[in-house]
Number of protein chains: 2
Amino acid sequence: MTKPPPPSEPLRPRLDQLLCFAIYAAGHAFNRVYKPLLDAIGLTYPQYLVMLALWEQDGETVGALGARLSLESSTLTPLLKRLEAMGHLTRARDTRDERVVRVRLTPQGQALREKAQSIPACILDATGLALPDLARLQQDITALTAHLEQASLVAGDGRS
Amino acid sequence: MTKPPPPSEPLRPRLDQLLCFAIYAAGHAFNRVYKPLLDAIGLTYPQYLVMLALWEQDGETVGALGARLSLESSTLTPLLKRLEAMGHLTRARDTRDERVVRVRLTPQGQALREKAQSIPACILDATGLALPDLARLQQDITALTAHLEQASLVAGDGRS
DNA sequence: TACGATTAAATCGTGCACGATATATCTCGC
DNA sequence: GCGAGATATATCGTGCACGATTTAATCGTA
């Protein structure tokens, strides 16, 4: 019943129908929920992600952290320096390969894990989702990310 | 069959299982796909979102734009000044209420819409999603955002 | 009309994020 | 062992994003 669009009609979705905008806005919304919780332990959201990564696996290199978090050294280096200045971790060149810097938790950084313990439950509650729905959504978004990453790699490969 | 956790076991999800991290990473991935497309028309991603908003509705105030994009004036003002310097829009105080600034597209800003025409299809392709799946995911994430926003409002209302 | 309260933008300081580049170290072929 | 290329991190400049504060205009009410 609806009039079929002419073949070369440009795609002009409304801002609030764009998936990328939904993701962008959800990121903002998550940040706002995390803010008061993280303020209480003195971390920003990206700093919290780094601490989560280190609590899961200590002693990683800057590059390995960057790969897990999709961040460049130009972002991580100053961020890690701030965490180091707070006393949560140390940064030291690997004695075997002095190119790489290993990031290690201090006892204070380990201890912070206990203070951050209640955060995930608060966030889960704020999402208003049941665990299975949350897991499904998480997987859908992760699959989307994988597709986008592949697309940007293919686009940038400069095939000749 | 699995051992039930003790009642006060802290929730310690892995970084790569966190919904917030999936959103964070998807935002990065979208940015990477958009980057080459937007470079071609000289916009950053947030600038593109502002232009999308204005193409949809011209002459909005800074505050109204901020509400649609969830951005503060402290973010928008310099961003809009950059777009103004590029010649895509004008910023002028409303003569009826001199507190508000109205943002209007220039002919150049209108014309940019044609150059940006092919972008949505490129992005759609990069997601690897069929339209119905994309719409569903978009709605799920929008609903999540609404929940998160409500939670952060309730948490911050200082009920006495 | 006059004045306190509210509203809208702008400004300031901090931190994240990227790309381009620099610097130091390592690896491989010889 | 030596030098060319590769690798890992750091540095620099630009722009986004926020909260706190400032400035200016408007509104309400006496």
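Throughout, protein chains are lettered first and strands after them, A, B, ... in sequence-line order, and every chain is numbered starting at 1.
- In this model, the phosphate group of D:dA6 is not approached by any side-chain N or O of A:Arg99 to a distance below 4.0 Å at OP1 or OP2.
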Query raised in the report: Checking ring pair (Phe, Tyr, Trp, His ring centres under 6.0 Å) for the pair B:Phe30/B:Tyr45: CA distance, chi angles, key distance, verdict?
Result: CA-CA 9 Å; B:Phe30 262 120; B:Tyr45 179 62; 7.7 Å; no
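- Of the side-chain N and O atoms in A:Lys81, none sit less than 4.0 angstrom from OP1 or OP2 of D:dT9.
- Looking at heavy-atom distances under 4.0 Å, B:Arg32 makes contact with sugar-phosphate atoms alone, never a base.
- The listed nucleotides are C:dG19, C:dA9, D:dA25; the one nearest the side chain of B:Ser73 is C:dA9.
- When the C1' atom of D:dA8 is taken as reference, atom CG of A:Leu80 falls 14 Å away, rounded to whole Å.
- If you measure from atom CZ of A:Arg93 to atom P of C:dT23, you get 14 Å, rounded to the nearest angstrom.
- One side chain, B:Thr142 or B:Gln138, offers a donor N or O that lies under 3.5 Å from an acceptor on the other.
- Note: CD (B:Glu72) to P (D:dT22) measures 18 Å, nearest angstrom.
- Summarising the geometry, the separation between CG on A:Leu83 and P on C:dG15 is reported as 11 Å, rounded to the nearest angstrom.
- When each of B:Arg104, B:Arg102, B:Arg68 is paired with B:Glu60, the side-chain hydrogen bond (donor to acceptor under 3.5 Å, both in side chains) condition holds for B:Arg68 and for no other.
- No side-chain heavy atom of B:Arg91 sits under 4.5 Å from any side-chain heavy atom of B:Leu83.
- No contact: B:Leu76 has no heavy atom under 4.0 Å from any strand.
- If you check every strand for non-hydrogen atoms under 4.0 Å, B:Arg96 touches sugar and phosphate atoms only.
- Listed in residue order, the members of residues 40-70 of chain A having a heavy atom less than 4.0 Å from DNA chain D are A:Thr61, A:Val62, A:Gly63.
- Here the P atom of nucleotide D:dG15 and the CG atom of B:Leu38 are 15 Å apart, to the nearest Å.
- Regarding A:His28, its NE2 atom lies at a distance of 14 Å from the C1' atom of C:dG15, rounded to whole Å.
- Cluster membership for A:Val100 and A:Leu65, using ILVMFWY side-chain heavy atoms within less than 4.5 angstrom, is not shared.
- Among the nucleotides C:dC26, D:dA17, C:dC18, the one closest to any side-chain atom of A:Asp97 is C:dC26.
- For C:dC18, the OP1/OP2 oxygens have a side-chain nitrogen or oxygen of A:Thr75 closer than 4.0 Å.
- We find that CD of A:Glu98 is positioned 23 Å from P of D:dA6, with the value rounded to whole Å.
- Between B:Trp55 and B:Tyr48, the ring-plane angle classifies as perpendicular under the 30° and 60° cut-offs.
- If you run side-chain contact (heavy atoms from CB on, under 4.5 Å) between B:Val103 and each of B:Val50, B:Leu80, B:Asp58, only B:Leu80 comes through.
- Taking atom CZ on B:Arg91 and atom P on C:dA8, their separation rounds to 17 Å, with Å as the unit.
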